[in-house]
Each structure stands twice: as structure tokens, then as C-alpha cells.
2 protein chains.
Amino acid sequence: MGQVTIQQVARAAGVSPSTVSNLLNGRIERMLPATKDRIDAAIAELGYRPNRAARQLRTGRTRTLGLVVPSVGNPFWGAFARELESAALAQGYNLLLCNSERDPERERRYVEELWEDGVRGMVLCTSLPSLAHLAPTIERGLHLVTFDRPAQPDDPASVVSISINNPMGGYLAASHLIELGHRRLAFISGSLRSVNRTARYRGFCSALEAAGIDVDDMPSWPGMDAVPFGDVEAAEVGRRAAHELFSRADRPTAVVAINDMTALGVCRGLRDLDLRVGKDVSVVGFDDIVLADLYDPPLTTIRQPIAEMARLAVEEIIASETRSDTEAGRSVLLRPELVVRASTAPPAAAGTEAEISA
Amino acid sequence: MGQVTIQQVARAAGVSPSTVSNLLNGRIERMLPATKDRIDAAIAELGYRPNRAARQLRTGRTRTLGLVVPSVGNPFWGAFARELESAALAQGYNLLLCNSERDPERERRYVEELWEDGVRGMVLCTSLPSLAHLAPTIERGLHLVTFDRPAQPDDPASVVSISINNPMGGYLAASHLIELGHRRLAFISGSLRSVNRTARYRGFCSALEAAGIDVDDMPSWPGMDAVPFGDVEAAEVGRRAAHELFSRADRPTAVVAINDMTALGVCRGLRDLDLRVGKDVSVVGFDDIVLADLYDPPLTTIRQPIAEMARLAVEEIIASETRSDTEAGRSVLLRPELVVRASTAPPAAAGTEAEISA
DNA sequence: ACCTTCCGGTGTATCGATGCACTGACACTA
DNA sequence: TAGTGTCAGTGCATCGATACACCGGAAGGT
């Protein structure tokens, strides 16, 4: 099929394949500038491109990174995938994308498949507390960066984790509402069985405590532990939670949602009940997806600096591929940022009532 | 690094590597059942997985498909990428994802890079009228499926195209509004220099003509041709268009947007002007992304059956890899579907005025 | 008894790039 | 002049799986 090989280039340039290979791999100090020019010319003329399979077979390496996200159907992960691809491209790496659909088994399968494809560096967006299912592959030399999941005590030592400071994010969201005068706050999320979700919730709670509000008095949504969280379903979770929480007598005046998709679902649910977001009820999201700003009303939210995180993730992987395996991984925590828009406001008149009854 | 090879398996099973290879490639009729069992046992015991690079070097094939989308940051493409991955996975293929950012040069680079990676089947989501920049690779044997871009007369013969019937979509959107009583309709889009966009616009126009409305009398947005369209920018385009179109005297009573992101931008722009979507102005989007239903008001839109399209795309690629190269590609056109929600309604009182002045 | 066919395999060249071990030519040094 | 170094390359085994030519033995036909 007209494959141009390194031998043909060598012949055209009047050198041996080894010398071409040396050039290809940056060892240009091993040849005269004139030789280099001849080889460059031959490469250009023949339109030669190295065969990756052969290269990989020989070296065991690939210029490909793996990315496992819950689902690119979710705008947050889609945006992150895009940023990560840009960052990888900038370093000369390709990106192999996988959607785990938050299924640990599928996650494990993908990681192993990527490994077999020769991918040695991967970014894993998981919130599972344990990485035990990946331990065998990590031991074989996988360089893993987890995203949106702070390091855990029993993680393998080489794992790098990149995440925002989730407790701080939860804290920022709740204290913003408290400063506006809210005293009855609800936290809405699907299952909390994930590291970052519990972290956000912890931050939420500590803001309440700092303001002298008893967390146990807050209206809570019983379905929180039961509902399996997916990404397309995130909005549905928010909607159902809103329906249930706001048709009760002790309803809150403000809500912190686990992410923007859930927040949008909450807004939808509130609208179903003829409650106005940003007037009757305040809502804070998390992530700052593009749609947060487009929504009506524009959503107050906690921004994650995804471009910076993506860049960091790629750099960490590349660094970890060059440094020795024995070196321990790091854990990078970035600052979340409160973005105030129109979905939050001081509590309405009804809020005052609730405050008295509290 | 502890790679288990076919030789080790062969040794363990007491056969030659060739026989193991035969088993691996489904040629089990060339061995005794007992031999097959011994090999299977050896594979299981050693945890052997074939080395892809070696396999690919030898055969030139890969079980990987390429997907080039404008940007997974756009929820529509994110959702499509997810569906395509599922479809590929179901057929035992992996997916290599690339974001072209609608840059033809980047698109070409990616296609060639995928080709060099051994990827022989790709789904390309482009709206460029010409595929000339990919012709060399297609001639070398690339199996290309274009998505969201109907076949063009001078496309290479082997190209398969999968798309909805875009003119019909535009027609459905416009006639829905006409049936509601609207007579002043605007079509909002970024640059129309793309096949499917002009197709949607043509459908829009023919619905007007069928109703005896003169397209040239319709308020149009001068920036339509000038603004470069991106995906994150789509919403911004809609917003700016709304600002300009609706601060004029001959403003329309209804809008058809080129896609949902633009439609959401339009809604945002209308809100800036204190116009109520679904009351003062009707808006129809295109795609039916998840957020269309979550928005306030929920967006009337033209749905694309992405799951079915993704499945079809994968099947076409796999089919085209097995059938001879000389066979011509097909063009599949699916039916779009009008999904009526709350962003459209009969024209308000102001609409009647406009009708009189027309 | 001889030839053919089929079965159940095996031996080996091959895919293309890599990198180590090596070499010939030359320069410098003691 | 022998000894030591450096420069600018070259030769070749190698990675793991595959395909194809080949082969011994048994069965079947005449």
C-alpha cells in the first residue's frame, strides 16, 4: 500500500537506516549537519512517516495518553476532554477516550485495554474511593493521574491526583448563601458514595457550623443515598429532589447542588412547582459549565479551572514517565472559585418565616 | 515487564506458535478439539493477551475507529461521541477521539495521524463542502463515514455519509411556527458556509414559500455570513443575533436557530431585552440536546436520532472494511423529528401588529 | 502397490523501527 | 610511534504475531 519505510529514506539519502533512526530520535549530534540535511530532504520528498506499530513494538512506548471519563455526554466532562486533548496535543501526544459510565468493571476493562494498546499514561476521572481494581496494572508500570478525586491513604504510591479543593468549594457555596441571609439550606446530590461528593458535602457542613447552624436541623432529601448517580440522570436527580424537598412544610430557602447538571435539574423542578429561582429560592451549582451562564436565570456556581487542570494532568503524566518509578506521586489541589450570577439572592419573605420557625 | 508472548503459550501447550496464532484468529478447524482445549487452558493460566503492536505491524489492521468531531465541549457532539463509543464497543472496536475545532487543517492533520496509527475506518463530523484535503488518504484505502454532512457530487466514491434530512428539519421547524400563526420568521446561524446549514436554511425557506410567505421580506441578520462559527461561540452568536434582530422595528415573532446551543444563546439575548421566550417570541432549536428539555422554558427543537446514527456509522465502517474497495459508498438520510415544548406558542398581540405592517 | 487427498499441524521469513556493539578515519598526546 | 579519544556513522539482532509454504502420516481410490 505504498508504505514508505525508513530503508527507502536511507537509500535516498545515501546513509544507513540507523542514521535515519538516529535523526528521528533526536540524536543529531551523531551526524554531520550536511548528512542531516540530506536525510531531511529525503524524508520530505518521499513523504515518509514513521510506522507507529513498528516503533511501539520495538520500544514498548506510545505517544498516546488515555482518558477515562464517566461520560462525555455530560457537558462538564466533554469540556474537560476537550481541554485535555488540547493539552496533550501541545505535548505531541494523542488521546484515546473512554467512557466508563461510572461502572467500575467497565473502568477496569478500559484501563487494561489501554494498557495492552501500549498506553502507559492515563488520566482517570473516577470518584471511587478505592483504586484496588487497578492495582495490578499500576504495579506493572502504569502512570496514573486521577482527576476530581483527591489522593486516598491506601492509593498506590505512584498515583498522582489532581483535583480542586472540594471541601473549600462546598464551603464557598454554603457561606455565600449564608452571607445572603439564608438559614435553611439543603444539599442535593445523587449517591454520596464518592470521594469528592462527600468532600463537597463536608465543606457545606462546616460552613453551616461556622455560622452556628445545626446541620441536623436542615431539610434533607432521603433519596440522596439511594439514587444511583449517572450523568444524563444527574439532572433528573435534581428535579426529583426539588419536587420532594419543596413540597414539604420545612422546605429550604436555598440549595447547593453537587454539580451544575443537578442544579439545572433542581431549577427545572422548582419551576414545576411554580417557584422562581433567584427569587423564591436560591440555587448554587458546581463546575461552571458553559450552560450555567446561558441558563435563565444564569447560575451561581463554583468554578473548576479545567483548562489549568488538564494542562497539569498532562504534564504530570509526562513527568512521571521520565522519572523513576520509585518516586512517589503527588497530590495537587487547586482553588475553586465562586462565580456569582442571578440564581442566588437574599431570602424572600417566606425565608424570614422559616428563619423564625428555626 | 513480564509480557506474556505467544511463544510462552505455545510452549506451555506443547504446540507451535503458529497453532496458537491459528486459534487466536479463529481458524480452529485446523486443529483437534483436544489441542484447542490445551491452548485455551494455557492462555487462561498465563493470562496471555496478544500484543497489539506486533499484530498491527504484521497485518496493518487495528481494532480501532477514529472519530473527529468539531468539539466534545459542545453537548451535542459530546452526546454523539458517547453513543458512537458504545456502538464501537459493541462491535469490539476502540475509539480514538479528536476535536477538529472546525479547523480544516487540524482536521486533515488528525485524519493523517489516525491513518498512521493504523486506523483504517473513521467517522468524520465535518460540514465542509469539499473533502479534497482528504482525498490522498482516501485513495490509500481509508474508509470514511461523514456524519451530519450529506454526500456531495464530487466526494470520492467510497465515502459513506450519514445524516438527517436537514432540509426536512428546517422545513419542520418553520412550518411548526407557521401553523402556530407566525408570519415573521428569522433564521439564525453563524456562517452558512457548511453543507448542512445551508440545507436547513433551504428547508426553512421552502416552508415559507409553501405558505405563500416571501422569504426576502423576512428580517435577516446581517452578521450571518460574517461570524465564524465555533461551538463554544455558538451560544454567543445566538445572543448577539437576538440583540440585533430584536432591537429593530421589523423584528420577527419567531426564530429558528441552527442548533440548540445557538437557540439557547438566542433565548439569553431575548431575556436581555426583557422579551419572554414562548410568550413574546417563539424559538425553535435543532439537535435536541439534553439541556433543551431542562431549559426554562423547555425548548421546542428538531431531534436527531443520534444513537441510531452512531450505530449505523459503526456498521457502515465495518461493512466497508470487509467489502471490496471498488464498491461505491452509500448515503443514508434519517428522519428528523419535531419535538414540541414550551418555547413556541402562537404569536402574541405584538405579532398581530407586525402581521399588519407586513 | 501406488498415487492422491486430506488432516493436523510446523518452520521460518516477514512487517518497520530501534539501539547496541562495532569500525574506520582522523586528531591529539607523551 | 604507540596509545588514547572522538567523530560519524554502519550492521544486525530484536520486538511479537502472522501467513504461507511445507510435511509426515493416514485414509481412500483403483
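Order of the sequence lines fixes the chain letters, A, B, ..., with proteins taken first and strands second; residue numbering starts at 1 for each chain. This structure is a prediction, so every number in the text was calculated from the model and none was measured.
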Which nucleotide, [options], lies nearest any side-chain atom of [X]?
X       : options                : answer
B:Val15 : D:dT14, D:dT18, C:dT10 : C:dT10
B:Thr19 : C:dG19, C:dT18, C:dT10 : C:dT10
B:Asn22 : C:dT10, D:dA17, D:dC12 : C:dT10
B:Leu32 : C:dG9, D:dT18, C:dT18  : C:dG9
B:Ser18 : C:dT10, C:dA17, D:dG16 : C:dT10
B:Arg58 : C:dA17, C:dT14, C:dG9  : C:dT14
A:Met31 : D:dG9, D:dA17, C:dT10  : D:dG9

Taking side chain as C-beta onward, heavy atoms only, is A:Gln152 less than 4.5 Å from A:Thr146? no
A:Arg52/B:Glu113 under salt bridge (Lys or Arg N to Asp or Glu O under 4.0 Å): CA gap, chis, key distance, verdict: CA-CA 10 Å; A:Arg52 308 235 192 198; B:Glu113 209 156 320; 3.7 Å; yes
Specify whether A:Phe80 and A:Trp77 have parallel, tilted or perpendicular ring planes, treating 30° as the upper limit for parallel and 60° as the lower limit for perpendicular. perpendicular
Between [N] atom [atom2] and [X] atom [atom1], what is the distance in whole Å?
X        : N      : atom1 : atom2 : result
B:Glu29  : C:dC7  : CD    : C1'   : 11 Å
A:Arg52  : C:dT18 : CZ    : C1'   : 16 Å
B:Asn51  : C:dG16 : CG    : P     : 17 Å
B:Ile6   : D:dA19 : CD1   : P     : 11 Å
A:Arg55  : D:dG16 : CZ    : C1'   : 19 Å
A:Glu116 : D:dG16 : CD    : P     : 14 Å

Remember a base hit wins even if backbone is also touched, and classify [X] as base, sugar-phosphate or nothing at under 4.0 Å, heavy atoms.
X       : answer
B:Val20 : nothing
A:Leu57 : base
B:Arg27 : sugar-phosphate

For a quick test of reading the model: is some side-chain N or O of B:Arg30 closer than 4.0 Å to OP1 or OP2 of C:dG9? no
Between C:dT18 and A:Ser21, is there an OP1 or OP2 to side-chain N/O distance shorter than 4.0 Å? yes
